[in-house]
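Notes follow the structure.
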Amino acid sequence: MSAEDLVGTTALVTGASQGFGRAIAEAMVQASLKVVGVARDATALEELREKLGEGFTPVVADVADPGLAAHLIGEHRPGLIVLNAGANPVMKPIREQTWETFATNWEVDTKQVFHWVQQALLQPLPPGSTVISFSSGAALNGSPLSGGYAGAKAAVRFISAYAAGESARAGLGIRFVSVLPKLTPDTALGASGVAAYAALQGVDVATFLAGLGTTLGPAQVADRILELAADPGSEHPAYLLTPAGLNPLG
């Protein structure tokens, strides 16, 4: 199967106003998918609609709203959902966090994936559909300066895997997979993380980035997500995403 087999598919992308989500929406419209892009930034979504034309439908909403997933899945019947939206974590050591700041990503990233994955199973999505949830490389080794971010992203990976098991047992034919991108300075979230960890190491950002080596760009991430969506043979439950590509995780 190739990207050509996705032509005409309705894809729903959360966090479509910036970063990875914007790049994914653009790549999918260019591949002739019909994209419904969800985010809270109305201005950015409208700019994207003007750029992409009729292939892009903007929806201004809070992706963690418990009723939103049910409504949009019922209205658009997507064959592909990309749960990319997430909050920027508060970059402070644990001693300086409150529970509210620590739980930021649980209340957005994890809550979003819980509601959308649940609705994908309940409605359910059509057989052959795919739900891709963005976890993070931080879910593997932790992230001590970002509060509950690493734990929230680890939970995203678990929720996706649980849903895959439920889909298989019920014979729904819906594929659930999580993607764990490595740290990159090319998103607002990544840039704040790079700055924080450079300061922790007592080096400037350029020196820290040199230690990371080649990093991911949004366009590269978008290409890999489209590749994953187009390949139903990619049956691993999770993938680490690096500049070298998608690496299956157990």
Side-chain angles (χ1 to χ4, degrees), residues 1 5-6 9-15 20-21 24 28 33 35-36 38 59 61-87 103 105-140 148-181 224-241 246-250:
M1 187 174 181
D5 296 297
L6 294 174
T9 296
T10 295
L12 199 150
V13 180
T14 68
F20 292 161
I24 291 166
M28 288 184 172
L33 281 73
V35 177
V36 179
V38 187
V59 175
D62 177 358
V63 297
D65 179 346
L68 182 69
H71 170 68
L72 291 183
I73 288 175
E75 178 180 358
H76 296 284
R77 304 303 297 160
L80 172 61
I81 297 176
V82 179
L83 300 174
N84 158 80
N105 297 97
W106 287 90
E107 291 295 332
V108 179
D109 306 44
T110 313
K111 187 176 181 181
Q112 168 204 212
V113 170
F114 171 81
H115 287 304
W116 284 87
V117 160
Q118 185 180 62
Q119 285 301 317
L121 291 166
L122 286 172
Q123 293 220 19
L125 293 181
S129 299
T130 298
V131 179
I132 300 173
S133 299
F134 268 71
S135 177
S136 168
L140 298 177
Y149 177 78
K153 289 301 193 181
V156 164
R157 180 182 174 190
F158 283 127
I159 291 169
S160 179
Y162 299 161
E166 291 190 29
S167 174
R169 287 190 293 274
L172 298 178
I174 306 168
R175 182 170 56 137
F176 292 89
V177 60
S178 58
V179 173
L180 290 69
R224 297 291 79 77
I225 294 301
L226 194 57
E227 172 188 307
L228 183 60
D231 184 4
S234 301
E235 295 179 349
H236 293 277
Y239 293 83
L240 180 66
L241 178 53
L246 291 161
N247 303 283
L249 297 170

Evaluate the side chain to side chain contact (heavy atoms under 4.5 Å, CB included) criterion for residues Leu83 and Val156: first the C-alpha distance (whole Å), next the side-chain angles of each, then the deciding distance (0.1 Å), finally the verdict.
CA-CA 10 Å; Leu83 300 174; Val156 164; over 6 Å; no

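- Side-chain atoms of Gln123 come within 3.5 Å of backbone atoms of Ala70 as a donor-acceptor pair (strictly under, hydrogens ignored).
- A donor-acceptor contact shorter than 3.5 Å links the side chain of Ser135 to the backbone of Lys153.
- The nearest pair of heavy atoms linking Leu180 to Ala139 is CD2-CB, 4.3 Å.
- Side chain of Gln119 to backbone of Ile73: no donor-acceptor contact under 3.5 angstrom is found.
- The closest side-chain heavy-atom distance from Met28 to Ile225 is below 4.5 Å.
- Looking only at distances, no side-chain donor or acceptor of Trp116 sits under 3.5 Å from a matching main-chain atom of Val131.
- Screening Leu228, Ile132, Leu125 for a side-chain contact (heavy atoms from CB on, under 4.5 Å) with Arg175, the sole residue that qualifies is Leu228.
- Sequence neighbours left out, not one pair with a member in residues 68-81 passes salt bridge (Lys or Arg N to Asp or Glu O under 4.0 Å).
- With contacts defined as side-chain heavy-atom distances shorter than 4.5 Å, the pair Leu226/Leu6 qualifies.
- Checking side-chain atoms of Asn105 against main-chain N and O of Ala87 turns up a donor-acceptor pair under 3.5 Å.
- Atoms CG and CG, from Asp65 and Leu72 in turn, are 9.5 Å apart once rounded to the nearest 0.5 Å.
- When all heavy atoms of Thr110 and Ala152 are compared, the pair lying nearest together is OG1-O, 3.0 Å.
- Pairs of residues two or more places apart, or lying in two chains, never qualify as side-chain hydrogen bond (donor to acceptor under 3.5 Å, both in side chains) while including a residue from residues 155-171.
- Annotation: ring-ring contact (aromatic ring centres under 6.0 Å, His included) contacts of Phe114 (sequence neighbours excluded): none.
- The shortest side-chain heavy-atom distance between Val117 and Ser133 falls under the 4.5 Å cut-off.
- Shortest non-hydrogen contact noted between Leu33 and Ala11 is CD2-CB, 4.0 Å.
- The shortest heavy-atom contact between Tyr239 and Leu249 is C-CD1, 4.0 Å.
- Residue Tyr149 comes nearest to Ala138 through the heavy atom pair CE2-CB, 3.8 Å, listed as atom of the first residue, atom of the second, then distance.
- Between Phe134 and Thr14, every side-chain heavy-atom pair lies at or beyond the 4.5 Å cut-off.
- The two residues Ala64 and His115 have their closest heavy-atom pair at O-CD2, 3.8 Å.
- Listed for the Ser129 side chain is no donor-acceptor partner under 3.5 Å among the backbone atoms of Ile174.
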